[in-house]
> 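This is the structure, below, for whatever I ask next.
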Amino acid sequence: MKRIHSKGVMELEDGEKCMLAGWLQEVRNLGGIAFLKVRDRTGVFQVVVVKKEVGEDFDHIVNIPRESVVIVEGKKQATDQTDFGYEILPTSIRVESEAGKPLPLGVVDKVDAEMGTRYDNRFLDLRKEEKRYIFELRGLLLGGLRDFFLGEDFIEINTPKIGASGAEGGATLFKVDYYGKEAYLAQSPQLYKQILMSAGFERVFEIAPAYRAEDFDTIRHTSEFISLDFEMSFIDSSDDVMDMTSYMVEHALNYVVEHGAEMLDKLDVDIAVPTHPFRKVPHYECIEILEDLGKEWEDEPRDVDTEGEKMLGEYMMENYDTELYFITEFPSELKKNTFYAMRKDYDPSLTTYFDLEYKGQELVSGGQREHRYDVLTAQMKELALDPEDFQSYLKAFKYGMPPHGGIGLGLDRFVQQMLDLDNIREGILFPRDTSRLEP
RNA sequence: GCCCUGGUAGUGUAGUGGCCCAUCAUGUGGCCCUGUCGAGGCCACGACCCGGGUUCAAAUCCCGGCCGGGGCGCCA
């Protein structure tokens with residue numbers, strides 16, 4: 001007999017034979033009758049075991065440990081005595097894999113577990129329906145993003161994650177031993193995306209891990225994260241990049257709402273899908289807003305720090321009812337490490353760079369890149385970087401490089417903000433941070 | 001890197017010097033119960049992160065270590 005899911009039982013006739021399988025969530029033994037709750041990917045079904053009918057097997061059945069994998073054959077019985085509308089009268093219950101006792105983490109216990117316990121036993125943690133929904137929705141978000149890029153004629157690319165040097169300075173790179181040579185894990189596909197602009201690909205995107213060896217310990221950073229990057233050629237200005245970004249976010253969120261409504265409902269998440277164009281607020285104006293709100297700075301130049309981001313997020317919500325907005329025209333002084341950022345012609349103290357903020361948190365960073373070889377190398381020297389060290393990158397600028405720009409988006413942050421998760425790790429199956437390296 | 005905070009049964013907690021051979025819940029084991037839906041009732045089991053120190057007395061105070069959680073810097 002072919003196995004069906006709990007959801008599929010609805011379609012069976014009353015009394016029809018079927019086979020189901022899953023994890024034994026709990027046993028309610030009432031003495032003469034017992035109810036087994038078995039969970040599969042689509043939900044939970046109930047198996048009724050009557051002592052008078054199964055005889056001495058009864059004791060064996062009600063003693064199967066919770067979370068064991070069981071295979072149940074039987075027939076559907078319609079009933080109005082359960083929320084499911086049916087239950088299974090079994091002809092056989094086979095324990096395919098018995099769970100040990102006690103569980104290191106209860107899947108349906110009434111007590112919560114701490115994060116450390118949960119992540120040490122992530123396979124059990126993920127058996128909880130609401131945890132799986134997070135990843136189903138994350139998958140939909142990825143689907144929506146890919147759907148958008150295909151529609152916009154982007155090429156999906158894969159660039160190396162091991163290389164000889166990093167995109168921007170060396171302080172935050174993980175060093176690896178590469179056949180005896182010193183190598184680093186990629187912190188960004190930035191330089192490769194740009195090289196592909198020179199190659200004439202015109203529009204590329206990549207969804208891949210990026211690594212930052214920073215010593216951060218926050219609810220919005222991990223050492224390994226999924227970076228969504230796109231790059232496009234022949235733009236007039238960073239406005240083209242912002243337009244593409246806001247259409248992308250709008251499309252992806254729509255996609256999630258369209259395909260994941262039921263799960264969003266169960267997670268009690270209401271996604272407010274924004275519409276293009278998103279509001280653009282120049283950096284200096286953000287500072288003014290924060291000054292008006294009474295923020296004080298200890299250091300100069302004044303920047304939108306974490307506290308400022310949160311204040312700004314609330315301000316934008318209250319005044320413009322928007323969760324997504326760009327902070328534009330970042331001062332060159334604040335983008336010092338970003339040597340490839342194009343500056344404004346009319347005012348080199350400003351860059352064409354922007355951030356996209358989502359509910360008071362940075363989600364995207366991007367802008368127009370400097371494609372003029374001379375200007376680019378001059379900006380490198382300003383930073384005391386030696387162009388000689390970047391020859392394989394710079395070469396691409398010497399033989400025909402179109403004007404271009406793009407962004408990097410933190411996918412895990414997107415998931416976090418979209419679903420209002422307390423911690424970025426909640427949206428990552430097996431997060432890597434300063435202390436966690438397994439599972 | 002700086003700052004704050006925590007580590008008590010499998011899980012989550014109470015306990016801030018003697019009232020603690022440690023509270024409660026959940027779990028696990030046993031018994032009762034033929035319609036459970038966080039089932040219920042009765043009984044039992046199970047723990048003070050590690051190492052020093054202070055004290056008549058330490059889960060509790062001090063020092064060091066190890067391991068978490070959070071904030072900031074920074075960033076996606």
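Naming: A, B, ... by sequence-line order, numbering from 1 per chain. This one's a predicted model, so the numbers in the text were calculated from it and none came from an experiment.
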> Does a distance-only test, which skips hydrogens and angles, find a donor-acceptor pair under 3.5 Å between the side chain of A:Q361 and the base of B:C75?
no
> Nearest to the A:D215 side chain among B:G1, B:C72, B:A76, which nucleotide is it?
B:G1
> Can you find an N or O donor on one side and an acceptor on the other, under 3.5 Å apart, linking the side chain of A:T172 with the base of B:C75?
no
> Within the 4.0 Å limit for protein heavy atoms, which parts of nucleotides 27-37 of chain B are touched? Write it as a string from 5' to 3', B for base, S for sugar-phosphate only, - for none.
SSS---BBBBB
> Please report the distance, rounded to the nearest Å, between CZ in A:F414 and P in B:A76.
16 Å
> Please give, in whole Å, the distance from B:C74 P to A:E309 CD?
11 Å
> For the side chain of A:T218, counting heavy atoms from C-beta on, which of B:A76, B:U11, B:G71 is nearest?
B:G71
> Rounded to whole Å, please give me the gap between CG in A:L145 and C1' in B:A76.
14 Å
> Would you call the rings of A:F148 and A:H251 parallel, tilted or perpendicular, taking 30° and 60° as the class edges?
tilted
> What nucleotide, of B:A25, B:G70, B:C74, holds the atom closest to the side chain of A:F216?
B:C74
> Whole angstrom is fine here: how far is it from CD1 in A:I219 over to C1' in B:A76?
14 Å
> Atom CZ of A:F354 to atom P of B:A76: distance rounded to whole Å?
12 Å
> Pairing donors with acceptors under 3.5 angstrom, does anything connect the side chains of A:E129 and A:Y133?
yes
> Out of B:C74, B:G70, B:A76, which has the shortest distance to the side chain of A:I424?
B:A76
> Given the P atoms of B:C49 and B:U23, what is the spacing between them in whole Å?
16 Å
> Looking at A:Y320, does the NZ or CZ of A:R279 lie under 6.0 angstrom from its six-membered ring centre and within 45 degrees of the ring axis?
yes
> Take atom CG of A:D112 and atom C1' of B:G68, then tell me their distance rounded to the nearest Å.
17 Å
